[in-house]
Amino acid sequence: MNLMTEILNAIRDTKGYLLLLKDTGVEEINVTSLSQRHTKERENVDRMEHKLQQLQSLREKIGDCKRCKLWKGRTNIVFGTGNPDSPLMFVGEGPGEEEDRRGKPFVGKAGELLTKMIEAMGLVRDDVYIANVVKCRPPNNRNPEEDEIAACKPFLDEQINIIKPKVICALGTFASQTLLETKTKISELRGKVHEKGGNRIAPTFHPAYLLRNQQQKGLAWKDLQLVMKELGLKRVFT
Ligand code: URA
């Protein structure tokens, strides 16, 4: 078969297929060309790579940080992990013992619960970005102090600026109060999505608190459902 015959056959087959679709009630078909799809995918990859580079530069800027006293007790700076182009970012308080040892956020007991919370939303950890208000472990897991938060906050702000998530889920008192610049209690802040400095912020209880107060898990789930609504996510129960 020569090329011309092949082309004519392909046209005839396509016409037959379109007529069949028409007979079955299809009035319009939306065709995104392969090249359009390829361009979109290329743009996504480029944007992701650019954000990754920006985050790497930020990490380099932080360096072997001694801007506050927390450096004295830390093993590793816990910068953040996850998808740099995610529409959803979780912000915790500060690294605990396990996070300090491994240099990654939320990898201890509270992290296990956070992973379950993310999965309950129909996502996996790699879909989201996770960071903390302070990037070094406070001694004996004490609360971060005001000067420590002030020293570290510009880096969290820059992370948010690079990632540009649609929603930030603030985990617990410190993350919520820091991001919303308020002293209002978490119990009053949670249950709605706040607008602050161009960011949508959804406060909820910290997973470590939920481990000690299991009866509050229902309220946390309500908060996560608000986040899902903001993102247009539907949970598929299997
Ligand atoms: N608690 C936090 O707030 N952040 C972590 O990374 C781990 C525990």
Side-chain angles (χ1 to χ4, degrees), residues 52 54-84 86 89-118 125-126 128-163 165 168-187 189-190 199 201 203-214 216 220:
L52 205 55
Q54 287 180 297
L55 287 173
Q56 272 161 1
S57 307
L58 176 61
R59 176 63 191 89
E60 278 160 26
K61 188 161 114 189
I62 294 175
D64 186 24
C65 189
K66 293 187 175 153
R67 292 168 180 84
C68 83
K69 56 193 177 300
L70 289 181
W71 73 271
K72 291 180 195 156
R74 73 157 183 252
T75 313
N76 285 298
I77 292 176
V78 179
F79 179 69
T81 50
N83 177 354
S86 179
M89 179 166 175
F90 285 91
V91 176
E93 179 177 317
E97 189 178 8
E98 189 65 10
E99 290 80 14
D100 174 63
R101 198 174 64 75
R102 292 173 53 189
K104 290 195 179 129
F106 283 98
V107 287
K109 282 269 168 285
E112 278 173 31
L113 179 55
L114 178 61
T115 303
K116 285 188 190 152
M117 289 160 71
I118 293 167
R125 268 179 80 115
D126 283 349
V128 305
Y129 194 87
I130 307 174
N132 281 306
V133 171
V134 292
K135 313 247 179 282
C136 296
R137 183 189 179 204
N140 303 314
N141 298 345
R142 69 153 166 75
N143 292 334
E145 292 171 359
E146 280 197 8
D147 58 319
E148 296 157 358
I149 295 176
C152 224
K153 171 87 177 356
F155 302 121
L156 176 63
D157 288 341
E158 276 199 58
Q159 281 175 307
I160 293 170
N161 231 334
I162 293 167
I163 296 161
I168 301 169
C169 184
L171 299 167
T173 303
F174 281 89
S176 305
Q177 291 185 343
T178 303
L179 290 168
L180 293 170
E181 295 175 13
T182 178
K183 288 283 169 213
T184 307
K185 288 196 290 194
I186 180 68
S187 52
L189 294 173
R190 61 146 300 276
N199 293 310
I201 298 169
T204 194
F205 296 120
H206 193 285
Y209 170 82
L210 291 172
L211 286 173
R212 299 189 302 270
N213 299 274
Q214 307 263 348
Q216 303 285 42

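Worth knowing before you read on, the calculation uses all heavy atoms, side chains too, and leaves out hydrogens, waters and symmetry mates.
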Side-chain ion pair, K72 and E148, N-O less than 4.0 Å: no
Check: L55 main-chain N/O paired with Q159 side-chain donor or acceptor under 3.5 Å: no
Those residues that, when tested against T115, pass side-chain hydrogen bond (donor to acceptor under 3.5 Å, both in side chains) (two or more places apart): R125
Side chains of T81 and F106 in contact at under 4.5 Å (non-hydrogen atoms): no
Set of side-chain hydrogen bond (donor to acceptor under 3.5 Å, both in side chains) partners for D100, sequence neighbours left out: T75
Flag side-chain contact, heavy atom, 4.5 Å: E93 against V133: no
Set of side-chain contact (heavy atoms from CB on, under 4.5 Å) partners for P138, sequence neighbours left out: L70, V134, R142
Residues which pass ring-ring contact (aromatic ring centres under 6.0 Å, His included) with Y209, listed by chain and number, not counting sequence neighbours: F205
side-chain hydrogen bond (donor to acceptor under 3.5 Å, both in side chains) against N76, all qualifying residues, sequence neighbours excluded: none
Pairing residues for Y129 by the ring-ring contact (aromatic ring centres under 6.0 Å, His included) criterion, not counting sequence neighbours: none
Polar side-chain atom of E99 near backbone of G94 as donor-acceptor pair, under 3.5 Å: no
Under 3.5 Å: donor-acceptor pair, side chain of R137, backbone of R101: no
Side-chain donor or acceptor of E112 paired with backbone N/O of K109 under 3.5 Å: no
